[in-house]
Structure formats: C-alpha cells, structure tokens
Protein chains: 2
Amino acid sequence: MDGTESGWTVVIADDHPLVRDAMRHALMQSLNDVQVVDASSLDEAKAAVDRLGAVDLVILDLNMPGMDGFTGLAAMRAAHPLVPVAMVSATNDETVMRRAIEFGAAGFIPKSAPLETIAEAIGQILDGQVWLPIPRNAPSSGTGTSRQDIASRLGELTPQQLKVLSMMSQGLLNKQIAFELGVGEATVKAHVTAILKKLGVHSRTQAVISARLLDFKTVD
Amino acid sequence: MDGTESGWTVVIADDHPLVRDAMRHALMQSLNDVQVVDASSLDEAKAAVDRLGAVDLVILDLNMPGMDGFTGLAAMRAAHPLVPVAMVSATNDETVMRRAIEFGAAGFIPKSAPLETIAEAIGQILDGQVWLPIPRNAPSSGTGTSRQDIASRLGELTPQQLKVLSMMSQGLLNKQIAFELGVGEATVKAHVTAILKKLGVHSRTQAVISARLLDFKTVD
DNA sequence: GGCCATCCCCTACTTAGGTCTAAGGCCTAT
DNA sequence: ATAGGCCTTAGACCTAAGTAGGGGATGGCC
C-alpha cells in the first residue's frame with residue numbers, strides 16, 4: 001500500500017448488478033491498474049477472497065443476502081482478518097456508520113456520496129487509513145428514533161393512553177375522542193400530553209407519524 | 001423502439017450519483033443515440049423536463065429527496081402527463097410495483113435485476129409498453145380505490161402545496177415549514193388550508209395520514 | 001388592451017392543541 | 001393505614017392550527 005506497487009485487487013459484493021457496475025467504473029476511473037471481482041452474496045465474496053488469496057479490499061453492501069446486518073461483516077472479518085473491508089449502504093445514520101467501524105470495517109461509504117468522494121474514500125482505505133463521511137466524535141445527536149426505540153416507548157403507555165393514541169392516529173379531534181370514550185376533553189388533553197412526553201415528541205402530528213411507523217392498528 | 005428514429009432523451013432522477021452513473025452506462029450500451037440528463041431530486045427532474053420539452057422517458061427513484069413515496073410520482077405525472085415514467089427502487093415487493101403502475105408509472109425496475117433485464121425493460125417502455133418484472137393480473141385487492149382517490153387528489157395540489165404537505169407529513173410545524181421555504185407562517189397556513197380542502201379532510205393530522213398512505217420508505 | 005383564472009403571499013381573527021397546577025376517587029401492594 | 005399508580009377533571013394560560021378575505025404577479029383568452 002505504498003502506491004509504487006500497483007495492481008490492486010478488489011472484491012465488490014453487492015446484490016445489485018447496477019451498483020456493482022457503477023462501483024467498478026468508479027474504481028477504474030480513479031485507480032489505473034485494478035482488478036475487480038464481482039460477488040452477489042456474502043458467501044460468494046468469502047469464496048472469492050479464499051480463491052484469490054491476496055485481496056487489497058472488499059467492498060461489502062450492508063443489505064445483502066447473507067449479511068444479516070453486521071453479522072455478515074463480523075463473519076468476513078473472522079475469516080480474513082487481514083483484508084480491509086469497506087461497508088457500503090444507502091443509509092446516512094451515524095450510529096450505523098460508527099457501529100460498522102466498531103465491527104472492524106475500515107470505512108463506511110454512503111451511496112448518496114458524490115463519485116469523487118467515493119473514489120477518495122477508497123483511495124484512503126487502500127492506503128491503510130480509516131474513512132468516515134462524518135467527524136469521528138460528533139455527538140450523534142438525539143434523533144435516533146428507530147423502530148425498536150418507538151416500540152419500547154409505546155410499551156410504556158397505559159391502556160387508556162394507547163386508546164387515545166389510536167384515535168389520534170385515525171385523525172380524530174380531542175373533542176371527538178372525549179365523546180367516544182365518555183370523558184371530558186380536559187382528560188384527553190392530559191392523556192395527549194402524557195403520550196407526547198413518553199414518545200419524546202412535541203406535537204400531535206409527530207406522535208401520529210411515530211404510531212403509524214409501527215403500523216399501529218386500531219384497538220377499539 | 002424501431003431503431004430508425006433514434007435520438008432518445010432520458011432524464012435520470014436518483015440521489016445516488018453511483019446509480020445515475022450505472023444507469024447511464026446501461027442506457028448508452030443498449031441504445032445507440034441517447035441523450036442522458038441527470039437529476040438528483042424530484043424538483044431537478046421536473047425542471048429538466050420543463051426545460052427540455054420533448055423527453056422520452058423519466059427514470060425516477062422511489063426513495064429520493066422530494067419523493068415522499070408515491071407522492072412524487074403523482075406530482076410528476078400531474079406536471080407532465082405525457083412523459084412516461086419508469087420507477088426504480090431496491091424493493092422487490094409486488095404490491096409496491098403494482099401500486100407504482102396504478103399511479104401512472106410505465107414500468108417498475110428493481111435495482112436487483114441484472115443489467116440485461118434493465119436494458120430490456122427500458123427498451124420496452126420507450127416502445128410505449130408497460131413493463132413489470134411480474135405477471136400483470138393478481139388483483140392485489142385491498143384499498144386500491146381509496147389510494148387511487150388520494151393520488152388523483154394529490155395531483156390537484158400546486159407544487160408549493162406538495163412541498164408543504166411533504167413537510168407536514170414529516171412532523172414539521174407551520175413555523176418550521178415557513179422558515180425552510182423562506183416565507184411567512186401565514187402563507188404556510190394558507191397553503192395548509194388549501195391542502196385540507198383539496199384532500200377533503202378537516203385537520204392537519206388527517207392530511208398527514210392520507211399523505212403517508214402513499215408514502216413507502218424502503219431501507220435498501 | 002381588458003378579462004379571468006391561478007397561484008402565491010399576506011394581515012387579522014377564531015378555534016384547537018398543549019402545558020401547568022391542583023385535586024378527588026379508585027385500585028393494589030406494603 | 002399509607003403510598004403509589006392510573007384515570008379523571010377544572011381553570012388559567014400560551015402556542016399552534018385553521019379560516020376569511022384581500023393584494024399582487026403571472027399567463028392564457030376574447
């Protein structure tokens with residue numbers, strides 16, 4: 001990896017032929033002497049590395065048959081600890097990127113990145129460095145609202161609150177909910193406030209969006 | 001696709017430069033005289049079609065800034081009813097594909113398809129046919145009518161109103177929407193009122209529910 | 001030109017949504 | 001008996017949401 005010795009060998013593992021093709025073009029454009037090997041599943045990728053022996057980089061799609069999230073990355077690392085792996089995915093989620101590094105990836109390349117950035121990233125990784133599209137220490141902020149997160153928050157709701165949330169997500173007004181449940185509007189408002197707090201959002205609309213993300217169905 | 005009259009013009013709208021690039025290669029490989037125009041967002045795509053006038057095909061990614069699932073497709077169809085649209089996405093979900101056709105797409109191309117299949121699909125679509133990777137019958141049942149209904153109502157919205165609705169369905173407040181668009185909050189409220197009227201609902205929450213019925217996010 | 005329709009933007013107003021504080025009744029566990 | 005959780009309500013208060021109506025710019029149409 002000093003640049004004088006050229007002739008890189010790179011394995012591209014992605015189940016989308018389209019993406020493999022594009023990645024190959026990007027590689028051949030930025031490196032002058034590179035051999036590219038295709039793989040459309042994790043097993044194929046591992047077999048390719050076994051066969052070739054000296055591989056300089058494996059480009060792994062995060063969502064691919066056999067990957068199962070990061071378990072595929074871990075498997076690849078276990079089988080070939082010396083071969084650097086660059087993860088590729090459509091996500092921009094910082095926590096995902098960081099976790100990829102924790103699992104031994106040498107870099108994370110979002111598909112949304114411009115071609116030059118991708119080329120630069122691959123160059124740095126081939127050079128032995130770690131590449132991330134974000135600063136390495138950023139606070140990761142607070143918007144980590146994954147499904148599981150929401151699901152666990154929903155579990156904290158009391159039965160009555162669940163009913164109210166269900167009606168909210170059908171588009172009912174507080175007044176209508178109060179009538180349906182046979183209680184006062186003030187009560188409904190109290191429930192709504194509690195729901196918003198537990199879900200960690202700040203408006204009725206956001207609560208409804210969260211609920212519908214889980215295909216939250218009517219209780220009635 | 002008769003080969004005698006050549007000179008196609010195709011707009012590729014995808015936020016991933018990698019995919020655009022690959023698609024361009026696929027196009028140039030299977031068609032001999034084709035002009036390809038890039039767009040990285042729905043707005044850019046619409047602007048490109050406006051500018052070029054005679055466009056033979058728009059290739060639209062389902063997951064892209066401004067798309068909001070099928071909302072973007074509906075908007076594009078409303079703005080340019082005569083231009084065929086080919087949807088592209090990483091999903092293989094049949095219901096999603098069929099729904100794309102219901103909303104006026106001329107075809108649905110899964111990214112996981114081999115390059116030859118993609119080329120063949122585009123050829124057929126340019127030839128005026130509808131292309132799907134699956135048989136056309138199977139009724140898909142369900143809420144087809146109401147979806148259709150919503151789609152046609154969405155088509156009546158002005159561009160600005162679509163933007164506002166999109167932001168509403170992300171849980172933004174009127175104030176935030178106003179800031180993002182660089183207008184006054186009162187303006188946003190006026191748009192919201194118009195949206196509610198056109199969608200036939202009576203509250204922001206109901207509008208968001210309707211909009212999200214057309215919203216299909218995949219992780220790909 | 002004048003006309004009409006549409007869209008976008010705005011001010012001023014009314015209503016719905018949401019917070020805060022405080023409090024009573026019900027049930028269950030300690 | 002006491003404590004704690006849940007459901008309930010009330011009133012005051014503030015902010016967000018939605019309505020009504022008008023002004024200005026554009027573009028097609030007679």
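In what follows, chains are A, B, ... by sequence order, proteins preceding strands, each numbered from 1. All values reported here derive from a predicted model rather than from experimental measurement.
B:Gln206 places a side-chain N or O within donor-acceptor distance of the main-chain N or O of A:Gly171, the cut-off being under 3.5 Å. Although no hydrogens or angles enter the test, the distance criterion places a donor-acceptor pair under 3.5 Å between the side chain of B:Arg77 and the main chain of B:Gly104.
Listed nucleotides C:dC8, C:dT11, D:dC7 differ in distance to A:His191; the shortest reach to its side chain belongs to D:dC7.
A pairwise comparison of heavy atoms in A:Ile12 and A:Arg24 identifies CD1-N, 3.8 Å as the closest pair. Scanning all heavy atoms of the two residues, the minimum distance from B:Leu73 to B:Ala100 falls at CD2-O, 3.6 Å.
The CE-P distance, from B:Met167 to D:dA16, rounds to 18 Å in whole Å. Atom-to-atom, CD1 of A:Ile177 to P of D:dC7 comes out at 15 Å; the value is rounded to the nearest Å. Across the protein-nucleic acid pair, A:Lys198 atom NZ and D:dG5 atom C1' stand 10 Å apart, rounded to whole Å. The nearest whole Å value for the distance from the CZ atom in B:Phe179 to the P atom in D:dA16 is 15 Å. Put simply, CD on B:Gln161 is 12 Å from P on C:dT6, counting in whole angstrom units. We find that CG of A:Leu157 is positioned 11 Å from P of D:dC6, with the value rounded to whole Å.
Contact annotation: A:Thr187 side-chain N/O to D:dC7 OP1/OP2 distance is not under 4.0 Å. Put simply, A:Gln160 has a side-chain N or O that comes within less than 4.0 Å of OP1 or OP2 on D:dT8.
Residue-environment remark: CD (B:Gln29) stays at or below the threshold of 12 foreign heavy atoms within 6.0 Å.
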Worked verdict on B:His191 versus B:Ile177 for side chain to side chain contact (heavy atoms under 4.5 Å, CB included): CA-CA 11 Å; B:His191 285 311; B:Ile177 296 173; over 6 Å; no

Reading 5' to 3' through nucleotides 13-20 of chain C, protein heavy-atom contacts under 4.0 Å coded B for base, S for sugar-phosphate only, - for none: ---SBBBS

